[in-house]
Amino acid sequence: ICYENDNYLIINKPPHLLTIPSTNEPNDSVYNRVLGMGYGCYIVNRLDKETSGLILIAKNKFARIMLKDVTKKYMAITDKPLNPESGRIVANIKKEDIGIKRFVSDEGQLAITNYQLIRQENDLFYYDINLETGRTHQIRVHFAHLGSPLINDELYGKNLGNNELGLICYFMEFVDPFLNNRITKRI
């Protein structure tokens with residue numbers, strides 16, 4: 001737990017943990033763990049199983065309804081740079097007919113990803129990501145579509161031998177509607 005008050009929790013989710021239970025994994029998820037702590041659990045932002053980082057949870061339905069804008073920032077890590085080093089990716093995303101994969105298609109939903117290279121280290125490229133839309137696998141699909149899949153993304157790229165996906169939700173900010181103050185967390 002990175003932050004807690006009477007109405008909200010911010011959790012730092014490790015990789016390989018579901019946000020909500022699935023048919024294949026019904027017993028261990030962020031949702032199950034929060035319920036096990038005795039809280040209500042209304043997930044505000046979901047992360048892919050492989051993605052690590054900050055998840056905001058409302059402890060009750062009213063707190064979830066009252067919450068308005070939540071700002072999230074991600075770090076994406078690749079082993080091949082994007083060109084240009086910063087930009088705005090506007091590419092619609094559609095779900096494949098079978099399975100969980102998505103792909104860029106004019107028939108898909110609008111998806112907009114802003115990115116900025118922040119550093120290069122040991123043949124890896126680190127990007128700051130700001131999303132204008134929140135589609136499933138959006139960052140992963142956009143980077144793979146441009147020929148620069150995230151490291152260790154077995155679904156859209158390749159695994160470099162490390163099991164941790166190169167995607168982290170590292171920043172979250174929102175205004176608590178009950179306390180009328182800005183809550184900011186960074187990992």
>> Grouping I, L, V, M, F, W and Y whenever their side-chain heavy atoms are under 4.5 Å apart, do Met37 and Leu18 come out in a common cluster?
In response: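 No; Leu18 is not reachable from Met37 via cluster members.
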
> Transitively linked via ILVMFWY side-chain contacts under 4.5 Å: Val44 with Ile168?
Replying inline: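 Same cluster: Val44 reaches Ile168 through Ile, Leu, Val, Met, Phe, Trp or Tyr contacts under 4.5 Å.
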
> Can you list the steps and then say if Phe178 with Phe62 is a ring pair (Phe, Tyr, Trp, His ring centres under 6.0 Å)?
Replying inline: CA-CA 11 Å; Phe178 302 99; Phe62 185 63; 5.8 Å; yes

Does any non-hydrogen side-chain atom of [Y] lie less than 4.5 Å from one of [X]?
X      : Y      : result
Ile183 : Val175 : no
Lys13  : Thr19  : yes
Leu82  : Tyr115 : yes
Leu124 : Thr78  : no

Take atom [atom1] of [X] as the centre, draw a 6.0 Å sphere, and report whether it contains more than 12 heavy atoms from other residues, nucleotides or ligands.
X      : atom1 : value
Lys80  : NZ    : no
Asn181 : CG    : yes
Glu85  : CD    : no

> Is any side-chain N of the basic residue among Arg140 and Asp48 closer than 4.0 Å to the acidic one's carboxylate O?
Replying inline: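 Yes, Arg140 and Asp48 are salt-bridged.
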
> Strictly under 6.0 Å, is that where the ring centroids of Tyr156 and Phe143 end up?
Replying inline: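 They do not qualify: ring centres at least 6.0 Å apart.
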
> So, for Tyr74 and Phe171, is the gap between ring centers shorter than 6.0 Å?
Replying inline: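 Between Phe171 and Tyr74, which both carry aromatic rings, the centre distance is not below 6.0 Å.
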
> Partners of Thr184 by side chain to side chain donor-acceptor pair (under 3.5 Å), sequence neighbours excluded?
Replying inline: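 Partners of Thr184 under the side chain to side chain donor-acceptor pair (under 3.5 Å) test: Glu173.
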
Which heavy atom in [X] sits nearest to a heavy atom in [Y], and how many Å separate them?
X      : Y      : result
Leu150 : Gly166 : CD1-O, 3.8 Å
Glu50  : Leu165 : O-CB, 3.6 Å
Thr51  : Leu167 : CG2-O, 3.4 Å

>> Could you tell me if Arg119 sits above the aromatic ring of Tyr126, with its cationic atom closer than 6.0 Å to the ring centre and no more than 45 degrees from the axis?
In response: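 Ring-cation test returns yes.
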
> Do Lys59 and Tyr39 meet the cation-pi criteria used here (NZ or CZ under 6.0 Å from the six-membered ring centre, within 45° of the axis)?
Replying inline: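 Lys59 over Tyr39 ring: yes.
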
> Is it true that the side chains of Asn7 and Asn60 contain a donor and an acceptor less than 3.5 Å apart?
Replying inline: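 Yes - a donor-acceptor pair under 3.5 Å links their side chains.
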
